[in-house]
Amino acid sequence: MRTLSLGLFALAHTALCGVLDPPVIPGLGITDPSVLGEGGARIHATTGGGQASFKVPLYLKNGLDPESKRKQRLERANKMKSFAERPLSNSTAPLTDVKDYYYYGYIGVGNPPQKFSVIFDTGSSNIWVPGKACQSTACVEHRRFNPSASSSFANTGQKIEIQYGTGFIAGEVGMDTVKVADAVILTNQSFATTNLEDKTFELPRSQFDGLFGLGFTGGSEGGVRAPVDAMVEDRILSEPLFGVKLYRSSTKANGEITFGSYDKAYKDKLSWLDVYGNLFWVTTMEGIYYGNEPKNYLYGADKVNSQSSHLTPQEKARASRKALLDTGSSLMYGDPFTLAGMSARIGADVMSGELPCSSVPLLKPFHFVLGGKNFSMMPSEYVYHDEVNDICEVQWMPVSEYLWVLGIPFLQSHYSVYNIKERKIGLAHMLQ
């Protein structure tokens, strides 16, 4: 049974899948676990031939308050201690609640449209919003969908349950028109209306109503058609892709997601990566390097790289570590061995992640090798400065040996484009 882990600091779930019975690569000693792991928004649309491209503004919920950061530091230390005391396995560890930090936008469901705030999440594939009949505190505190108020709603009778690492929802699958702001995006789109939500989704932590998954149909709960696949199959978009831009600075717009096009200022700067599998936006990860140093900090990667001449591209991809590009996770997550080495190299406490703020200007970039290509993060991008308490700490958290999730810090550093039809990810460092 698939387990969906919800990073509550992001409050959007990262779906993870178990082993797909792969062969053991000789000499590597590993198998591939296939880890896949306010105000209304208006659309700036251009249409032609029934197709369109449009931008959806994203709004940042920033919960980086001192108390949340204190809990995060304690959680990181407890996790590192826990991993140090037991061996790792192929199973994936759930993400846990540390802080609230996510981007959300708006959609309309039904005719006439009922408005909901949602996280646009590349780490999941379902759309869900609270249902009118739901009496959970989390539902009552948020907007709820009223099916009888929509002239186009159809109840499929299908039940759905999604178990998160630290949360749970249950509901029913219906079909209706889903709009993003003023433009009709999808007709007869499957989505879930919840009839049960646990306290994970209660206020004040969860200031969004639901989720809008941007993964593929293969990763959806209940086997319903994912909205991005529907957009391509129904020829709604000018180009079969979408681009995501997340800003750090509160002086700028928080961010945007553009369906059917992308920011052409990045056209010649994008590096394209193949997507691994058919569930979510996952690519291979071959290494992590610091500055110009030769050491590869990514645990286990050298075993794969040293055998690469004896492997087919498919075998190498299966044996490699995987990285999920996840707009719904507020930190970067990886194995504790790698993260301990990275923390130690920059003088950060391996357990708490803290380091002297005075040392940050002297640090060098970390380079992440994805699909054989380098993508860098500057010290100011991988270290967070809590200005209230003048504490600096790394923006990563340990999970399982095989799971890597490149969440908001990485995506704030890189403009990302997701080609739905060709199953490719384009990345370029954010322009100033």
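Index from 1, following the sequence. Fair warning: this is a prediction, and the values are worked out from it, not measured in the lab.
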Handout entry: By side-chain contact (heavy atoms from CB on, under 4.5 Å) - contacts of Lys199 (at least two apart)
Key = Glu202
Exercise for the section: Scan side-chain atoms only and decide if Asn111 and Ser150 contain a donor-acceptor pair under the 3.5 Å cut-off. Expected result: no
Exercise for the section: Name the orientation class of the two ring planes belonging to Phe410 and His414 (parallel below 30°, tilted from 30 to 60°, perpendicular beyond 60°). Expected result: parallel
Exercise for the section: Of all the heavy-atom pairs spanning Ala348 and Val394, show the shortest one and how long it is. Expected result: CB-CG1, 4.1 Å
Handout entry: CE on Met285 to CG on Leu324, rounded to 0.5 Å
Key = 11.5 Å
Practice task
Over all heavy atoms of both residues, which pair between Asn155 and Val173 is shortest? Give the atoms and the distance, please.
Solution key: OD1-O, 3.5 Å
Handout entry: Pair Trp396-Ser343, side-chain donor/acceptor within less than 3.5 Å
Key = yes
Handout entry: Minimum side-chain heavy-atom gap Val383-Glu393 below 4.5 Å
Key = no
Fill in the blank from the handout: When rounded to the nearest 0.5 Å, the distance separating CD1 of Ile185 from OG1 of Thr177 is 11.0 Å
Handout entry: Side chains of Asp121 and Tyr103 in contact at under 4.5 Å (non-hydrogen atoms)
Key = no
Anything under 3.5 Å between a donor and an acceptor, one on a side chain of residues 134-142, the other on a protein residue two or more places apart or in another chain? List them.
from: Ser136; atom 1: OG; to: Glu197; atom 2: N; distance (Å): 3.1
from: Ser136; atom 1: OG; to: Glu197; atom 2: O; distance (Å): 3.3
from: Glu141; atom 1: OE1; to: Leu203; atom 2: N; distance (Å): 2.6
from: His142; atom 1: ND1; to: Ala138; atom 2: O; distance (Å): 2.6
from: His142; atom 1: NE2; to: Ser206; atom 2: O; distance (Å): 2.5
from: His142; atom 1: NE2; to: Phe208; atom 2: O; distance (Å): 3.1

Exercise for the section: Would you check if Val244 and Tyr262 make a side-chain contact, meaning some heavy-atom pair closer than 4.5 Å? Expected result: no
Handout entry: Trace of the side chain to side chain contact (heavy atoms under 4.5 Å, CB included) decision for Thr338 with Leu298
Key = CA-CA 5 Å; Thr338 298; Leu298 182 60; 4.0 Å; yes
Exercise for the section: Could you tell me which residues satisfy ring-ring contact (aromatic ring centres under 6.0 Å, His included) with His385, sequence neighbours excluded, listed by chain and number? Expected result: none
Handout entry: Asp229 CG to Ile420 CD1 distance, which is reported to the nearest 0.5 Å
Key = 7.5 Å
Completion exercise
dist Thr187:OG1 -> Lys179:NZ (nearest 0.5 Å) comes out at 11.5 Å
Handout entry: side chain to side chain contact (heavy atoms under 4.5 Å, CB included) between Ile169 and Leu196, intermediate numbers included
Key = CA-CA 5 Å; Ile169 67 161; Leu196 177 65; over 6 Å; no
Practice task
Kindly say whether Gly222 contributes a backbone atom to a donor-acceptor pair with the side chain of Gln158 at under 3.5 angstrom?
Solution key: yes
Handout entry: Electrostatic pair Arg225-Glu233, nearest N-O below 4.0 angstrom
Key = yes
Fill in the blank from the handout: Minimal heavy-atom distance between Leu237 and Phe259, with the atoms involved, is CD2-CB, 3.9 Å
Handout entry: Those residues that, when tested against Met430, pass side-chain contact (heavy atoms from CB on, under 4.5 Å) (two or more places apart)
Key = Lys245, Tyr247, Tyr266, Tyr415
Problem - Quiz item: cation-pi between Lys424 and Tyr418, 6.0 Å / 45° - result: no
Handout entry: Residues Trp281, Phe216; criterion ring-ring contact (aromatic ring centres under 6.0 Å, His included); working and verdict
Key = CA-CA 8 Å; Trp281 297 99; Phe216 306 121; 4.5 Å; yes
Practice task
Examine distances only and state if a side-chain atom of Thr217 and a backbone atom of Ala226 form a donor-acceptor pair shorter than 3.5 Å.
Solution key: yes
Problem - Donor-acceptor under 3.5 Å (Thr194 side chain, Ala170 main chain) - result: no
Exercise for the section: Give, for atom OG of Ser329 and atom CD1 of Ile408, the distance between the pair rounded to the nearest 0.5 Å. Expected result: 7.5 Å
Exercise for the section: Would you tell me whether Asp176 and Ser152 have side-chain atoms, one donor and one acceptor, within less than 3.5 Å of each other? Expected result: yes
Exercise for the section: Flag the pair Lys373 and Asp274 as a salt bridge only when some basic side-chain nitrogen lies within less than 4.0 angstrom of an acidic carboxylate oxygen. Expected result: no
Fill in the blank from the handout: Closest heavy-atom pair, Leu411 versus Leu325, reported as atoms and distance to 0.1 Å, is CD2-CD1, 3.7 Å
Exercise for the section: Say whether, by atom type as modelled, one donor and one acceptor occur between the side chain of Ser124 and the main chain of Asn126 under 3.5 angstrom. Expected result: no
Practice task
Kindly indicate whether the side chain of Ile107, heavy atoms from C-beta on, has any atom under 4.5 Å from the side chain of Phe120.
Solution key: yes
Practice task
Quickly, which of Tyr382, Tyr289, Phe375 forms a ring pair (Phe, Tyr, Trp, His ring centres under 6.0 Å) with Phe366? Name it, please.
Solution key: Tyr382
Problem - Side chain to side chain, Thr258 and Phe242, heavy atoms closer than 4.5 Å - result: no
Practice task
Determine whether Tyr297 and Leu339 make a side-chain contact, defined as any pair of heavy atoms from C-beta on separated by less than 4.5 Å.
Solution key: no
Practice task
Give a yes or no answer on whether the side chain of Thr122 reaches the backbone of Thr327 with a donor-acceptor pair at less than 3.5 Å.
Solution key: yes
Handout entry: Taking every non-hydrogen atom, the tightest pair across Val180 and Tyr106
Key = CG1-O, 3.9 Å
Practice task
Let me see the working for Glu286 and Thr284 under side chain to side chain contact (heavy atoms under 4.5 Å, CB included), right down to the final yes or no.
Solution key: CA-CA 7 Å; Glu286 294 81 23; Thr284 59; 2.6 Å; yes
Handout entry: Test item: Leu406 and Leu370 side chains (from C-beta on) under 4.5 Å apart, heavy atoms
Key = yes
Practice task
Evaluate side chain to side chain contact (heavy atoms under 4.5 Å, CB included) for Asp335 paired with Tyr299, printing each intermediate quantity in order.
Solution key: CA-CA 8 Å; Asp335 70 85; Tyr299 176 74; 3.5 Å; yes
Problem - Approximate separation, where rounding is to 0.5 Å, of Ile160 CD1 and Ser220 OG - result: 7.5 Å
Fill in the blank from the handout: Nearest heavy-atom approach of Gly219 to Leu279 is N-CD2, 3.7 Å
Practice task
May I ask you to test the Met377-Phe368 pair for a side-chain heavy-atom distance under 4.5 Å?
Solution key: yes
Practice task
Please check if the side chain of Asn419 supplies one atom and the backbone of Lys421 the other of a donor-acceptor pair under 3.5 Å.
Solution key: yes
Handout entry: Under 3.5 Å: donor-acceptor pair, side chain of Asn188, backbone of Met175
Key = no
Handout entry: Contacts of type ring-ring contact (aromatic ring centres under 6.0 Å, His included), residue Phe116, not counting sequence neighbours
Key = none
Handout entry: Selection residues 208-242 - residue pairs positive for disulfide bond (SG atoms under 2.5 Å apart), sequence neighbours left out
Key = none
Problem - Working for ring-ring contact (aromatic ring centres under 6.0 Å, His included), residues Phe145 and Phe153 - result: CA-CA 11 Å; Phe145 180 75; Phe153 176 78; 5.6 Å; yes
Practice task
Spell out, as yes or no, whether a donor-acceptor pair under 3.5 Å connects the side chain of Arg235 to the backbone of Val232.
Solution key: no
